[in-house]
Amino acid sequence: MSKKELKTNAMRILDRMKIPYEYQTYECENFEDGIATANQLSLPHEEVYKTLVTQAKSGSHYVFVIPIEEEIDFKKAAKAVGEKSLEMLPVKDLTPLTGYVRGGCTAIGMKKQFPTIIQEDAASLETIYVSGGKLGMQLRLSPEGLRKAASASFGDVIRKEK
């Protein structure tokens, strides 16, 4: 019975879709950032992804899943979703819009399904880590599993400064 209590909405969706995943929990009183989470769990940074929620002037919202060490390129991201410009959703609007808190936000199982793009580099990885839908939980699954569960597509949306 206690195992059932651990299930987040994201995990229930993965179960329903029969998408394999693993999860791990960790102590997290105050969310810092994905890098701190990866360090705390000794996870390889290149496999840990963060979920960003943006808004367009049109009022539409878009979700981007990118590596924790990267920054979103708003021009590329806007072009990828057919908008003129995008900006980050204010943190105060995150929970009412998605049902998730900052640091526990995942592209799977938001209150409403928003267009979602996963940074294309993820497609070449065997597994990636994303938030499990609450603070202190990480999911490990295949990039394709995340793509399916979030009805996402792959695209290039990060800054390349090399």
Side-chain angles (χ1 to χ4, degrees), residues 6-26 31 33-35 37-38 41 43-56 58-83 85-89 93-95 97-160:
L6 274 177
K7 294 273 182 182
T8 63
N9 195 34
M11 294 163 77
R12 284 188 284 276
I13 289 168
L14 291 168
D15 289 344
R16 200 173 322 124
M17 295 179 79
K18 298 185 179 0
I19 295 172
Y21 68 92
E22 295 171 4
Y23 73 91
Q24 60 191 110
T25 57
Y26 58 97
F31 176 72
D33 61 24
I35 293 171
T37 299
L41 297 172
L43 300 175
H45 286 201
E46 62 279 0
E47 292 179 18
V48 183
Y49 279 60
K50 58 189 173 186
T51 303
L52 305 176
V53 182
T54 63
Q55 62 187 11
S58 67
S60 296
H61 296 92
Y62 302 92
V63 178
F64 297 92
V65 183
I66 68 171
I68 56 169
E69 291 186 344
E70 302 296 339
E71 288 184 39
I72 190 168
D73 182 319
F74 285 105
K75 278 191 171 135
K76 279 191 203 173
K79 187 176 178 194
V81 295
E83 292 282 354
S85 66
L86 293 173
E87 59 185 32
M88 287 301 296
L89 181 74
D93 298 336
L94 186 66
T95 303
L97 183 74
T98 67
Y100 292 126
V101 298
R102 180 173 178 261
C105 188
T106 182
I108 305 167
M110 290 185 176
K111 282 182 175 180
K112 183 175 178 236
Q113 181 67 56
F114 299 108
T116 302
I117 296 186
I118 302 165
Q119 174 57 30
E120 64 189 12
D121 305 352
S124 65
L125 298 173
E126 201 170 303
T127 60
I128 61 173
Y129 295 86
V130 294
S131 174
K134 69 176 194 174
L135 276 178
M137 179 177 283
Q138 287 285 300
L139 295 176
R140 177 177 181 251
L141 71 167
S142 71
E144 181 58 22
L146 177 63
R147 188 200 65 73
K148 274 188 198 160
S151 297
S153 57
F154 290 104
D156 182 24
V157 295
I158 59 173
R159 282 194 197 149
K160 301 258 200 294

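FYI, the numbering just counts along the sequence from 1. Note that the structure is predicted; figures quoted are calculated from it, not measured.
A heavy-atom distance below 4.5 Å is found between the side chains of L86 and F64. The side-chain heavy atoms of E144 and F154, taken from C-beta on, include a pair separated by under 4.5 Å. No side-chain heavy atom of M17 sits under 4.5 Å from any side-chain heavy atom of I108. L97 has its side chain within reach of V53: a pair of non-hydrogen atoms, C-beta onward, lies under 4.5 Å apart. Within the 4.5 Å cutoff, the side chain of L14 has heavy atoms near those of the L139 side chain.
Remark: side-chain polar atoms of Y62 are not paired, donor with acceptor, to backbone N or O of A78 under 3.5 angstrom.
Atom CD1 of I128 sits about 6.0 Å away from atom CG of L141, to the nearest 0.5 Å. Atom CG of L52 is separated from atom CE of M88 by 4.5 Å, given to the nearest 0.5 angstrom. Atom CD1 of I13 sits about 10.5 Å away from atom CE of M110, to the nearest 0.5 Å.
Closest of all the heavy-atom pairs between S131 and G103 is OG-O, 3.6 Å. The shortest heavy-atom contact between T8 and G132 is OG1-O, 2.6 Å.
Every pair passing side-chain hydrogen bond (donor to acceptor under 3.5 Å, both in side chains) that includes a residue from residues 47-56 is listed here, sequence neighbours excluded: Q55-E87.
For F114, the ring pair (Phe, Tyr, Trp, His ring centres under 6.0 Å) test picks out H61, with sequence neighbours left out.
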